[in-house]
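Here is the structure we will look at.
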2 protein chains.
Amino acid sequence: MKSTINDVAAKAGVSIKTVSRVINNEPSVRPATRKKVMDAVAELHYQPNLAARNLAGTRSYTIALIYDNPNAYYVIDMQNGILEACKARGYELLIHPSNSKSETVNDELRALVEHSKVAGVVLTPPFSETQSVIDEVKKLGLDYVRIVSSQAAQGDEDNCIQVDDSEAAFEITKHLIEHGHRRIGFLCGGEEHVSTHGRLEGYRQALQQAGIAIDQSLIVPGEYAFDSGVEGAKALLQLDNPPTAIFASNDEMAAGALFAARLMHIEIPEQLSIVGFEDSPFSRQTWPKLTTAHQPNNEIAKCAAALVLNKARSKGAAESASAAKDAGITKKFVPELLVRDSSGDAPSP
Amino acid sequence: MKSTINDVAAKAGVSIKTVSRVINNEPSVRPATRKKVMDAVAELHYQPNLAARNLAGTRSYTIALIYDNPNAYYVIDMQNGILEACKARGYELLIHPSNSKSETVNDELRALVEHSKVAGVVLTPPFSETQSVIDEVKKLGLDYVRIVSSQAAQGDEDNCIQVDDSEAAFEITKHLIEHGHRRIGFLCGGEEHVSTHGRLEGYRQALQQAGIAIDQSLIVPGEYAFDSGVEGAKALLQLDNPPTAIFASNDEMAAGALFAARLMHIEIPEQLSIVGFEDSPFSRQTWPKLTTAHQPNNEIAKCAAALVLNKARSKGAAESASAAKDAGITKKFVPELLVRDSSGDAPSP
DNA sequence: AAGGTAAATGACAACGCTGTCATATGCTGC
DNA sequence: GCAGCATATGACAGCGTTGTCATTTACCTT
């Protein structure tokens with residue numbers, strides 16, 4: 001059942017090299033020949049052997065996904081998207097969880113490349129926004145795609161899939177303002193994440209546009225984690241003049257805020273509105289369900305992988321114009337506001 | 001920097017075949033020779049090339065993880081555990097998400113094996129408990145390890161990492177009974193999961209032991225999903241004689257029950273106790289925090305991977321007694337009761 | 001000390017594919 | 001109809017390892 005390139009060549013009546021040309025989309029094959037080969041491939045259900053390809057070729061058929069583990073939902077969605085893209089193109093995915101806090105990421109990267117030839121990498125935050133990591137990737141001559149907050153893409157747009165956090169955060173904040181909120185607290189995510197800065201920026205702009213002064217005491221630090229959401233919300237709610245709404249940098253922190261409110265016997269959304277960001281499945285499983293911004297992680301990752309794969313591929317044979325080849329790949333995503341039950345009108349004073 | 005087996009052979013002053021023997025732990029190498037080679041390996045930071053190994057050898061250095069996507073936390077924890085085990089032994093992991101509902105799993109398995117030589121598979125529920133999948137894996141001659149609920153391991157203990165759901169569920173139920181609960185509702189997970197049957201069994205036994213009659217109307221179906229938890233809990237709470245406690249088959253359903261209780265203005269745990277199962281990070285982020293049973297998914301998966309790797313490895317060279325080689329691999333896990341805030345004394349009537 | 005056996009080592013082909021370079025084939029224009 | 005050129009195709013080596021089998025070495029035995 002398992003057929004090799006030899007079988008295909010025999011069946012099509014050509015040399016194995018010609019078969020190789022066809023399956024790699026190389027030029028200089030007559031249409032008639034190409035068809036013969038493709039028919040044989042189809043008939044035999046031929047699939048090239050990855051190990052052999054990786055061993056023989058200069059290009060490789062493996063890309064890597066480098067991720068920290070900020071949030072299981074995020075990672076799984078991304079991974080599944082990338083996996084789909086890989087499968088569609090016959091590539092293999094090397095999964096590399098790493099720790100953004102440790103200093104060894106660069107070494108790990110180098111090891112990865114030396115150990116198994118790797119065609120490209122998909123970098124997720126915070127690695128995608130860490131200059132030393134980006135530099136190392138470039139130095140290693142790897143094709144790469146960074147999944148980043150728009151702010152971090154400047155000058156490197158070709159290698160980025162952007163998420164416009166500012167824009168989305170602007171809409172979220174506007175939503176709150178339109179519901180009469182004037183004092184809106186903001187729970188920051190981890191400092192190292194550009195996304196949280198983008199979200200803060202959108203928050204600021206929305207306030208400014210509405211003519212509301214920025215109150216620094218309403219902006220509290222956090223870590224994109226539940227506990228920091230609890231702490232941050234507590235701090236905000238204990239203020240002399242507490243906010244009537246809290247914008248958390250992600251759903252997990254928003255859930256933390258919900259928890260804090262509950263602790264303090266504050267009704268949501270009657271007394272306080274809380275909004276998150278990401279639309280993780282999680283956000284539908286809290287009480288009340290979270291108003292948030294939908295971030296299509298699966299789709300984002302699929303595009304990132306497709307882009308990396310295109311880069312890697314075009315390095316090989318001469319290819320059609322690179323402008324055309326990226327058709328269907330969205331390079332900038334704007335998470336969309338999703339109004340659920342955790343936000344409502346500001347309480348009347 | 002990237003050294004090959006040739007470099008090592010040259011440096012050690014032996015043939016490449018001898019180097020191969022050393023790195024594969026084959027017998028018939030004199031200790032002195034072995035040491036020379038190992039020194040050279042260390043000095044050159046030699047790492048065997050996976051593609052070449054997979055291509056040349058009969059054995060392969062790749063294992064696969066087959067999973068459905070029941071729950072992101074579950075998958076990620078498992079995956080990370082397996083990844084650790086693989087890295088430690090220089091194996092590669094092929095990730096294969098699949099859909100247990102579709103009929104194509106077996107075809108996908110076959111394709112996987114034909115396409116890339118695969119040494120073994122780790123099967124997670126529900127695949128690990130689906131007879132047709134197990135049969136196919138056996139037919140393909142793959143080494144495999146099934147992560148299963150103890151009940152599903154009968155006769156195949158050697159290839160199973162067991163989770164004793166009954167035992168854990170027994171403890172959970174006992175905990176509730178000790179707090180005075182007599183009417184305890186049970187939310188089943190998906191029918192195709194043996195784990196939920198195991199949990200139900202433990203629940204039954206605990207009731208029996210306490211001399212409490214089983215009331216079938218207190219056992220309601222579900223899907224291991226949030227929404228089914230909401231529905232199931234609603235149904236239970238609308239009973240003429242509603243339970244004072246609900247045991248949900250997993251944390252996500254327990255969160256659903258929490259949601260339903262909230263909808264119906266029922267206070268947790270004062271009026272109703274709710275317990276889950278799994279101890280996903282999720283269970284610490286609800287209000288109140290869930291009483292549950294801790295299931296060490298990462299550890300379970302690590303053991304599963306280690307076991308598969310041992311099997312695959314021992315197929316090659318003659319190895320030390322198989323009894324000894326599995327040292328350190330736990331083959332049966334009993335999730336431990338974790339009392340948090342969602343359970344308490346039964347309300348006095 | 002010679003012969004015999006088992007253990008240790010090495011030479012070489014093979015895995016399935018791609019890269020290089022040589023060769024064959026089909027076209028062009030005259 | 002034929003040189004001349006571009007295009008299409010194929011022969012062959014080699015990627016880095018393992019498997020097979022032949023050979024060498026060390027160690028008993030008598």
Side-chain angles (χ1 to χ4, degrees), chain A residues 1-10 12-37 40-41 44 46-62 90-92 114-117 119 312-313 315-318, chain B residues 1-10 12-37 40-41 44 46-62 90-92 114-117 119 312-313 315-318:
Chain A
M1 205 64 222
K2 179 177 53 185
S3 49
T4 76
I5 198 170
N6 278 291
D7 305 333
V8 178
V14 299
S15 75
I16 61 169
K17 182 65 227 195
T18 298
V19 175
S20 171
R21 286 198 179 91
V22 171
I23 58 179
N24 288 296
N25 253 303
E26 288 172 33
S28 295
V29 178
R30 239 178 315 171
T33 313
R34 189 174 297 265
K35 180 166 187 328
K36 269 195 301 187
V37 172
V41 165
L44 296 170
Y46 169 70
Q47 283 204 287
N49 176 305
L50 238 104
R53 280 184 142 181
N54 280 331
L55 184 57
T58 45
R59 51 205 267 232
S60 124
Y61 289 83
T62 303
Y91 272 68
E92 195 158 335
E114 278 173 16
H115 184 69
S116 2
K117 223 178 294 178
R313 185 188 287 222
K315 252 202 205 159
Chain B
M1 205 65 225
K2 180 178 50 185
S3 49
T4 76
I5 199 171
N6 278 290
D7 306 332
V8 178
V14 299
S15 76
I16 61 170
K17 182 67 226 191
T18 298
V19 175
S20 172
R21 287 199 179 89
V22 172
I23 59 179
N24 288 295
N25 253 303
E26 288 172 34
S28 298
V29 178
R30 238 176 316 172
T33 313
R34 191 175 295 265
K35 180 165 188 327
K36 271 195 302 187
V37 173
V41 165
L44 296 170
Y46 168 71
Q47 282 205 286
N49 176 306
L50 237 102
R53 281 183 140 182
N54 280 332
L55 184 57
T58 45
R59 50 204 267 233
S60 125
Y61 289 83
T62 303
Y91 272 68
E92 195 158 337
E114 280 173 14
H115 185 69
S116 3
K117 223 178 293 179
R313 185 187 288 221
K315 251 202 204 157

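Note that the structure is predicted; figures quoted are calculated from it, not measured. Each chain gets a letter, A, B and so on, in the order its sequence line appears, and its residues count up from 1.
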Would you kindly give the [atom1]-to-[atom2] distance between [X] and [N], to the nearest whole Å?
X: B/K35; N: C/dA8; atom1: NZ; atom2: P; answer: 18 Å
X: A/L55; N: C/dC15; atom1: CG; atom2: P; answer: 14 Å
X: B/Y46; N: D/dG16; atom1: OH; atom2: P; answer: 10 Å
X: B/K17; N: C/dA14; atom1: NZ; atom2: P; answer: 16 Å
X: A/I16; N: D/dC15; atom1: CD1; atom2: C1'; answer: 14 Å
X: A/Q47; N: C/dC17; atom1: CD; atom2: P; answer: 11 Å
X: B/L50; N: D/dG16; atom1: CG; atom2: C1'; answer: 11 Å

Phosphate OP1/OP2 of [N] contacted by [X] side-chain N/O (<4.0 Å):
X: B/S28; N: C/dA7; result: no
X: B/T58; N: D/dG19; result: yes
X: B/R53; N: D/dT18; result: yes
X: A/R30; N: D/dT7; result: no

**Report entry** Separation of A/Y46 OH from A/N6 CG (nearest 0.5 Å)
**Finding:**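 So the gap between those two atoms works out to 9.0 Å.
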
Requested in this report: Return the 5'-most residue of the pair B/S15, B/A52 with respect to DNA chain C, ranking by each residue's nearest nucleotide.
Outcome: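 Of the two residues, B/S15 wins.
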
Requested in this report: Look at the side chain of A/R21 against the base of D/dG10 and say whether a donor-acceptor pair falls under 3.5 Å; ignore hydrogens and angles.
Outcome: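 Such a pair exists between side chain and base.
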
Query - Of the listed nucleotides C/dT9, C/dC15, D/dT9, the one nearest the side chain of B/T33 - result: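 The listed nucleotide nearest to B/T33's side chain is C/dT9.
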
Report task. Begin from the C-alpha positions of B/R34 and B/N25 and carry the test side-chain contact (heavy atoms from CB on, under 4.5 Å) through to its verdict. Result -> CA-CA 10 Å; B/R34 191 175 295 265; B/N25 253 303; 4.0 Å; yes

